[in-house]
Amino acid sequence: EDQVTQSPEALRLQEGESSSLNCSYTVSGLRGLFWYRQDPGKGPEFLFTLYSAGEEKEKERLKATLTKKESFLHITAPKPEDSATYLCAVHRGGSYIPTFGRGTSLIVHP
Amino acid sequence: NAGVTQTPKFQVLKTGQSMTLQCAQDMNHEYMSWYRQDPGMGLRLIHYSVGAGITDQGEVPNGYNVSRSTTEDFPLRLLSAAPSQTSVYFCASSPRGQGGLMNTEAFFGQGTRLTVV
């Protein structure tokens with residue numbers, strides 16, 4: 001059974017205080033790992049897809065990395081508008097059904 | 001604005017009632033899917049479609065039906081509502097990704113908050 005564990009469950013940062021969110025996964029034949037951002041009362045917003053270990057992608061203050069066991073979402077010098085819940089999901093080969101983690105709730109204080 | 005439109009945003013049903021959640025996208029995406037989001041759990045896939053006329057079951061399909069007669073529309077039908085179906089429902093669309101992967105560059109709707117009493 002595929003599993004995705006996100007840590008920490010909640011994270012509070014001061015504006016400008018860089019940190020990382022973790023997504024540990026167990027999946028047979030990873031086909032893709034996704035990161036999404038979700039604001040309260042809204043649908044998830046796609047951020048990144050990572051396909052293989054060693055891959056990295058960046059978008060503004062966010063950088064996602066992937067190893068064979070986990071992915072990190074690095075947030076550099078966060079701003080209050082980065083406050084959201086960040087979701088991680090994996091797809092395994094031969095399946096259209098993703099497994100989502102429970103998310104990390106990030107609050108950035110000004 | 002381009003995107004995914006879900007209606008209604010809120011709905012209260014009595015146990016045993018049926019209803020249809022509407023979902024429409026205007027981006028000509030091949031893939032569409034329905035998820036439910038419950039407190040303390042990750043998003044779970046209910047049903048999905050890889051193209052008009054093609055649908056398949058996701059992780060939690062029981063009690064729900066879907067159809068995809070056009071590329072744009074993907075309605076979700078609750079056949080006989082139960083309290084266990086109280087949840088927030090999201091529709092998503094995405095283009096065919098690398099190797100046929102679903103959910104790359106996915107767009108999600110604003111969600112439907114459903115309460116079954």
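Sequence lines set the chain letters: A, B, ... in the order given, protein chains first and strands last, and positions in each chain run from 1.
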- prompt: Does Phe90(B) belong to the same Ile/Leu/Val/Met/Phe/Trp/Tyr cluster as Leu78(B), with side-chain heavy atoms less than 4.5 Å apart forming each link?
  reply: no

query: Residue by residue, which of residues 65-75 of chain B have a heavy atom closer than 4.5 Å to a heavy atom belonging to chain A?
result: none

query: Residues of residues 49-62 of chain B under 4.5 Å from chain A (heavy atom pairs)?
result: Val50(B), Gln57(B), Gly58(B), Glu59(B)

- prompt: Side chain, backbone, both or neither: which part of Met41(B) has an atom under 4.5 Å from a heavy atom of chain A?
  reply: backbone

query: Measuring heavy-atom distances to chain B, does Gln38(A) have an atom under 4.5 Å in its side chain, in its backbone, in both, or in neither?
result: side chain

Joint cluster assignment, Phe34(A) & Val4(A), ILVMFWY side-chain distance < 4.5 Å: no

- prompt: Linking I/L/V/M/F/W/Y whenever any side-chain heavy atoms sit under 4.5 Å apart, do Tyr89(B) and Met32(B) land together?
  reply: yes

query: For Tyr51(A), is it the side chain, the backbone, both or neither that has a heavy atom under 4.5 Å from a heavy atom of chain B?
result: side chain

message: Under the rule for salt bridge (Lys or Arg N to Asp or Glu O under 4.0 Å), what residues qualify as partners of Arg92(A), not counting sequence neighbours?
response: Asp2(A)

query: So does Arg113(B) have more than 12 non-hydrogen atoms from other groups sitting under 6.0 Å from CZ?
result: no

query: Going by the disulfide (SG to SG under 2.5 Å) test, which pairs reach into residues 23-110 of chain A, not counting sequence neighbours?
result: Cys23(A)-Cys88(A)

field: More than 12 heavy atoms of other groups within 6.0 Å of Lys42(A) NZ
entry: no

task: Check the surroundings of atom CZ in Arg12(A): do more than 12 heavy atoms from other residues, nucleotides or ligands lie under 6.0 Å from it?
output: no

query: Side chain, backbone, both or neither: which part of Tyr96(A) has a non-hydrogen atom closer than 4.5 Å to chain B?
result: both

message: For Gln17(B), is the CD atom crowded, meaning more than 12 foreign heavy atoms sit under 6.0 Å from it?
response: yes

message: Please classify the contact between Leu43(B) and chain A as side chain, backbone, both or neither, with a heavy-atom cut-off of under 4.5 Å.
response: both

task: Would you mind telling me which of Thr104(B), Val4(B), Val88(B) has the largest number of heavy-atom pairs within less than 4.5 Å of chain A?
output: Thr104(B)

message: Heavy-atom cut-off 4.5 Å, strictly under: side chain, backbone, both or neither for Leu87(A) against chain B?
response: side chain

query: Which of the residues Thr99(A), Ile97(A), Thr49(A) is involved in the greatest number of heavy-atom pairs with chain B at under 4.5 angstrom?
result: Ile97(A)

message: Can you classify the ring geometry of Tyr35(B) versus Phe100(A) as parallel (below 30°), tilted (30 to 60°) or perpendicular (above 60°)?
response: perpendicular

message: With clusters defined by side-chain heavy atoms of hydrophobic residues (ILVMFWY) lying less than 4.5 Å apart, directly or transitively, does Phe108(B) cluster with Tyr48(B)?
response: yes

query: Out of curiosity, does Leu66(A) fall in the hydrophobic cluster containing Leu21(A) (side-chain heavy atoms, cut-off under 4.5 Å, transitive links)?
result: yes

